[in-house]
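In what follows, chains carry the letters A, B, and so on, assigned in the order in which the sequence lines appear, proteins first and then strands, with residues in each chain numbered from 1.
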2 protein chains.
Amino acid sequence: MSRSSPQAPDAQTDTLPRQQRTYSIGELARMFEVTPRTIRFYEQEGLLAPTRQGQKRIYREKDRVRLKLTLRGKRLGFSLAEIREVVMMYDAMPDGNARQLKRLLEILADKRANLERQLEDIRLMRMEIDDVDQRAREVLRQLGDDV
Amino acid sequence: MSRSSPQAPDAQTDTLPRQQRTYSIGELARMFEVTPRTIRFYEQEGLLAPTRQGQKRIYREKDRVRLKLTLRGKRLGFSLAEIREVVMMYDAMPDGNARQLKRLLEILADKRANLERQLEDIRLMRMEIDDVDQRAREVLRQLGDDV
DNA sequence: CAAGCACTTTACGTTAACGTAAACCTCGTC
DNA sequence: GACGAGGTTTACGTTAACGTAAAGTGCTTG
C-alpha cells in the first residue's frame with residue numbers, strides 16, 4: 001500500500017486528483033466555516049492527525065473527511081468523545097481483534113438507535129412547529145383586517 | 001374561558017381528566033428520567049413556571065408538556081435559550097403584535113431549516129454507519145474462519 | 001418525639017468546547 | 001530590512017447545563 005512519496009514538494013495547485021491535495025489549516029477553516037482554533041482543538045482531542053511540514057500542519061483528504069464527519073456529528077448533538085470513539089475504532093478496524101469489533105458493532109447499533117429517535121423527534125417537532133406557524137398566521141391575518 | 005377553580009384542594013389520585021392533574025417535582029423527574037435539579041434549573045431559565053403550594057412547586061399539564069418539548073429540543077441539540085425563545089413567543093402569541101408574530105415566523109422557519117439539515121445529516125450518517133457496520137462484519141467473518 | 005421522606009434555598013464545583021490574547025516564526029515582497 | 005499574511009505554542013477566560021453539598025422546612029409514621 002505504501003506509495004513512494006512524490007519528490008516534488010511544492011507545485012500543487014489544481015490539477016491534482018484530490019487524493020493527493022493538501023490543505024492548510026486556514027483553507028480547511030474557511031471551507032467548513034470554523035476557526036483554526038477549532039481545528040487545532042479537534043487535533044488535540046485526537047480527531048485529526050495532520051502531518052507537519054516544518055512546524056506547519058498539513059492536512060490530507062482523510063483529515064478533511066474526518067473534519068466533515070466530526071462537524072456532522074456535532075450538528076446532530078454528538079459529543080467529541082462519542083465521535084472519536086467511532087472514528088478511532090474505525091481506524092483500528094483492519095487489525096482489530098474480535099472483541100474490539102463486537103464492541104464497535106455495539107456502539108454502531110447504539111448510534112443508530114439514537115438516530116432513529118432523533119428522526120422521531122424531528123417528526124414531532126416539525127408537527128408542532130407547523131402548528132405554531134398556523135396559529136401565528138391566523139392571528140396575523142385577523143390583525144391584518146384591523147390594520 | 002376562565003373556569004371556576006374546583007374547591008377540593010386535595011383528594012386527587014387517578015380519576016382526574018388529566019387536565020387537572022398536578023405533579024410534584026419528583027414525579028416529573030421520574031417520568032422523564034431527569035433530576036429535580038434539572039427541572040428547577042429549567043424554571044430558573046424561564047422554561048417552566050409552576051405555581052406554589054406553600055413553598056412546594058406544583059406542576060400542571062402545561063408544565064409537563066413544556067418539559068417534554070424542552071427535552072425533545074435538547075435531544076436535537078437545541079440550546080435552552082433557543083427553546084425558550086420559541087416557547088415564550090408561543091405564549092405571547094394571543095396578544096402578540098404583528099412585529100413579534102413575524103419575528104416568530106422567522107424563527108420557526110429557521111428551526112425548520114435546521115431540522116431539514118439534520119434530516120440530511122442523519123441520512124448521511126446512517127449510510128456511513130451502515131458502511132462501517134458492513135466492514136466490521138466482514139472482518140469478523142474472516143476472523144471467524146481463523147478462530 | 002424522633003426518624004425519615006420529599007421538598008426547599010443557597011452556593012460553589014465541574015465539564016465540554018471552544019474564544020481570546022500574547023509572543024514568537026517564516027515566508028514573499030515592497 | 002521592515003512588514004503583513006499566515007502559521008505556531010502557551011495559557012488563561014468563558015459559557016451552558018447542570019452536579020453536588022449543606023442546611024433548613026413540613027408531614028406522617030412508628
Rounded distance in Å - [atom1] ([X]) to [atom2] ([N]):
X       : N      : atom1 : atom2 : value
B:Gln53 : D:dG26 : CD    : P     : 14 Å
A:Leu71 : C:dC18 : CG    : P     : 8 Å
A:Glu43 : C:dC18 : CD    : C1'   : 15 Å

Checklist entry - OP1 or OP2 of D:dG19 less than 4.0 angstrom from a side-chain nitrogen or oxygen of B:Thr35, does that happen here? => result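 The answer is yes; a side-chain N or O of B:Thr35 sits under 4.0 Å from OP1 or OP2.
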Next on the checklist: For the CZ atom on B:Phe78, are there more than 12 heavy atoms of other groups (residues, nucleotides or ligands in this structure) within a distance under 6.0 Å?
Outcome noted: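 Count over threshold, so yes.
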Enumerate the protein-to-nucleotides 15-17 of chain D contacts in which both atoms are nitrogen or oxygen and the separation is below 3.5 Å.
| unit_1 | atom_1 | unit_2 | atom_2 | d |
| --- | --- | --- | --- | --- |
| D:dA17 | OP1 | B:Leu80 | N | 3.0 |

Next on the checklist: Given 3.5 Å as the limit, does a donor-acceptor pair link the side chain of A:Arg52 with the main chain of A:Gln55, or not?
Outcome noted: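 Yes; at least one donor-acceptor contact below 3.5 Å.
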Checklist entry - Nearest heavy-atom pair of B:Asp63 and B:Ala49: which atoms, and what distance? => result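 It is OD1-N, 3.5 Å.
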Item to check | Counterpart residues, salt bridge (charged side-chain N to carboxylate O under 4.0 Å, His left out), relative to B:Glu106 (two or more places apart) | outcome: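 Applying salt bridge (charged side-chain N to carboxylate O under 4.0 Å, His left out) to B:Glu106 gives B:Arg103.
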Next on the checklist: Once salt bridge (charged side-chain N to carboxylate O under 4.0 Å, His left out) is applied, do any residues pair with B:Lys102, and if so which ones, sequence neighbours excluded?
Outcome noted: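 Partners of B:Lys102 under the salt bridge (charged side-chain N to carboxylate O under 4.0 Å, His left out) test: none.
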Distances for protein N/O vs nucleotides 5-11 of chain D N/O pairs under 3.5 angstrom?
| unit_1 | atom_1 | unit_2 | atom_2 | d |
| --- | --- | --- | --- | --- |
| D:dG7 | OP1 | A:Ser24 | OG | 2.8 |
| D:dG7 | OP1 | A:Gly26 | N | 2.9 |
| D:dT8 | OP1 | A:Arg57 | N | 2.9 |
| D:dT8 | OP1 | A:Arg57 | NE | 2.9 |
| D:dT8 | OP2 | A:Arg40 | NE | 3.3 |
| D:dT8 | OP2 | A:Arg40 | NH2 | 3.0 |
| D:dT9 | OP1 | A:Arg52 | NH1 | 3.4 |
| D:dT9 | OP1 | A:Arg52 | NH2 | 3.3 |
| D:dT9 | OP2 | A:Arg57 | NH2 | 2.0 |

Next on the checklist: Using side-chain heavy atoms (C-beta onward) and a distance below 4.5 Å, is B:Tyr59 in contact with B:Glu27?
Outcome noted: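 Answer no - side chains too far apart.
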Checklist entry - When Ile, Leu, Val, Met, Phe, Trp and Tyr are grouped by side-chain heavy atoms lying under 4.5 Å apart, directly or through other members, which residues fall in the same group as A:Met127? => result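 Traced through the cluster, A:Met127 reaches no other member.
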Let me check something: any side-chain donor-acceptor pairs from residues 67-76 of chain B under 3.5 Å, sequence neighbours excluded? List them with distances.
| unit_1 | atom_1 | unit_2 | atom_2 | d |
| --- | --- | --- | --- | --- |
| B:Thr70 | OG1 | B:Arg66 | O | 2.8 |
| B:Arg72 | NH1 | A:Glu128 | OE1 | 3.2 |
| B:Arg72 | NH1 | A:Glu128 | OE2 | 2.7 |
| B:Arg75 | NE | A:Asp121 | OD2 | 2.7 |
| B:Arg75 | NH2 | A:Asp121 | OD1 | 2.8 |
| B:Arg75 | NH2 | A:Asp121 | OD2 | 3.4 |

